[in-house]
Amino acid sequence: MENKFAVLPRHIAIIMDGNGRWAKQRGLKRYEGHKVGAEVFRTITQYCIDIGIKHVTFYAFSTENWKRSKVEVAAIMTLLRQYLEEMRIRFAENEELGCRIRFIGSRAGMPKDIVKLMDTVEKRSADKDKVFINIAVNYGGRAEITESVKEIARGIKRGDIDIDDIDEEMIGARLYTAGQPDPDLIIRPSGEYRLSNFLLWQSAYSEFYIDDVLWPDYTPQDLDRAIEAYGKRDRRFGNAQ
Ligand code: FPP
């Protein structure tokens with residue numbers, strides 16, 4: 001299946017949006033939309049692996065999503081828990097794929113059992129390097145940058161860092177995505193033209209692809225379309241020509 005595309009992004013980041021609208025259109029509870037969305041997440045993850053995408057990041061839960069109803073938050077946590085249990089049980093399969101899974105975001109305020117499962121899944125896959133899957137949970141881009149700055153400030157206070165040595169690399173090295181390439185392509189289904197506090201630092205030169213399809217309806221063919229469109233973009237990174 002490889003070589004299907006003229007240009008393959010190294011890192012794709014996806015904002016899984018539209019679950020609520022999808023459910024509403026069908027007279028279902030919002031939870032049902034997230035449930036199907038979680039299935040689509042599995043399908044698209046596998047597809048990214050199949051076509052040779054090395055880094056994939058999914059936005060599953062933002063720091064702002066706590067404002068949603070208790071029922072909805074609990075439903076998303078349940079889906080996350082189910083996925084984590086599955087990852088723990090199907091460890092061998094994942095090992096074979098060489099898949100490293102990381103959860104980016106703050107662990108503070110997350111249910112303890114989920115944090116434990118996240119740590120287990122992360123630890124068990126820590127030595128894999130074929131595919132990198134990041135799942136953003138309790139994630140906020142501004143909070144991430146703030147934390148990095150705080151850590152640098154602590155270093156200054158200790159006398160380990162000189163202010164004049166602060167540069168972009170130093171800030172980037174203290175983000176959750178340290179060591180990973182920035183996303184080449186950010187996909188947002190469901191027609192919204194917003195970044196919603198996702199990968200603010202890392203998206204400086206990312207290409208955006210907005211799709212009208214709602215996330216629960218998202219298919220590998222939709223991803224193909226986004227990758228093909230990406231292949232036609234002229235990425236200049238601030239250069240003229
Ligand atoms: C945005 O759609 C979606 C979310 C806030 C939750 C996404 C979560 C999942 C797909 C499940 C996570 C589980 C795993 C296993 C990663 P929305 O509710 O904002 O949709 P709307 O804009 O149509 O209301």
Side-chain angles (χ1 to χ4, degrees), residues 12-49 55-91 93-94 99-107 109-111 113-122 125 131-141 143 176 186-199 210-220 222-223:
I12 295 182
I14 302 178
I15 302 174
M16 302 187 283
D17 193 19
N19 296 343
R21 272 163 286 173
W22 183 91
K24 198 174 171 199
Q25 282 172 4
R26 286 160 180 77
L28 301 169
K29 294 257 188 302
R30 294 180 61 84
Y31 165 75
E32 299 293 336
H34 295 314
K35 199 172 161 194
V36 178
E39 284 309 315
V40 172
F41 155 80
R42 287 172 173 84
T43 306
I44 297 297
T45 303
Q46 187 55 53
Y47 185 65
C48 285
I49 296 171
H55 302 263
V56 196
T57 302
F58 292 92
Y59 204 3
F61 194 81
S62 76
T63 44
E64 288 72 35
N65 287 150
W66 294 108
K67 293 181 201 145
R68 297 188 176 208
S69 77
K70 266 192 184 157
V71 174
E72 185 172 348
V73 170
I76 295 174
M77 292 300 152
T78 299
L79 291 168
L80 199 57
R81 196 174 279 118
Q82 282 167 357
Y83 172 72
L84 284 160
E85 286 288 2
E86 199 179 294
M87 283 297 105
R88 195 167 58 105
I89 294 161
R90 289 169 45 194
F91 169 66
E93 257 172 71
N94 217 35
C99 201
R100 177 163 185 180
I101 300 173
R102 273 185 279 208
F103 297 91
I104 63 170
S106 172
R107 304 284 213 258
M110 288 293 295
D113 66 315
I114 292 192
V115 172
K116 216 170 152 195
L117 280 165
M118 282 174 165
D119 289 343
T120 305
V121 170
E122 272 189 352
S125 70
V131 189
F132 296 84
I133 310 283
N134 300 314
I135 303 166
V137 177
N138 198 15
Y139 174 88
Y176 298 120
I186 297 183
I187 300 172
R188 180 156 195 161
S190 92
E192 307 284 359
Y193 289 72
R194 280 194 293 276
L195 201 47
S196 299
N197 207 9
F198 187 45
L199 303 177
I210 313 289
D211 201 314
D212 283 335
V213 178
L214 302 175
W215 179 250
D217 285 330
Y218 204 82
T219 63
D222 295 317
L223 189 72

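Counting starts at 1 for both ligands and their atoms, following the listed order.
Short contacts between ligand 1 and Y83, defined as distances under 4.0 Å to a heavy atom of the residue, involve ligand atoms 15 (C). Of all atoms in ligand 1, numbered sequentially from 1 with element shown, those under 4.0 Å from a heavy atom of H34 are 3 (C), 4 (C), 6 (C), 18 (O). Listed by number with element, the atoms of ligand 1 under 4.0 Å from a non-hydrogen atom of R30 are 17 (P), 18 (O), 24 (O).
Backbone and side-chain nitrogen or oxygen atoms of G18 are examined, and one is located within less than 3.5 angstrom of a nitrogen or oxygen of ligand 1. Considering backbone and side-chain atoms alike, D17 places an N or O below 3.5 Å from some N or O of ligand 1.
Using a 4.0 Å cut-off between charged nitrogen and carboxylate oxygen, R194 and D17 do not count as a salt-bridge pair. A salt bridge links E39 with R42: the distance from a Lys NZ or Arg NE/NH1/NH2 to an Asp or Glu carboxylate oxygen falls below 4.0 Å.
When the heavy atoms of A38, G20, G37 are ranked by distance to atom 13 (C) of ligand 1, first place goes to A38. In this comparison of R21, M16, R68, the heavy atom closest to atom 17 (P) of ligand 1 sits on R68.
Protein heavy atom nearest atom 8 (C) of ligand 1, with residue, atom name and distance: A60 O, 3.5 Å. With respect to atom 10 (C) of ligand 1, the closest heavy atom belonging to the protein is N19 ND2, 3.4 Å.
Between the side chain of S62 and the backbone N or O of E64, at least one donor-acceptor pair lies under 3.5 Å. Side chain of D222 to backbone of T219: a donor-acceptor contact under 3.5 angstrom is found. Side-chain N or O atoms of Y139 include one that pairs as donor or acceptor with a backbone N or O of L199 at under 3.5 Å.
Going from atom CD of Q25 over to atom CG of D217 covers 7.5 Å, rounded to the nearest 0.5 Å.
A donor and an acceptor atom, one from each side chain of S69 and R30, are nowhere located under 3.5 Å apart.
Of the heavy atoms in E192, none comes closer than 4.0 Å to ligand 1. Counting heavy atoms under 4.0 Å from ligand 1, residue N65 touches it through the side chain alone.
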CA sep, side-chain torsions, deciding dist, call: Y59, N197, side-chain contact (heavy atoms from CB on, under 4.5 Å): CA-CA 10 Å; Y59 204 3; N197 207 9; 4.2 Å; yes
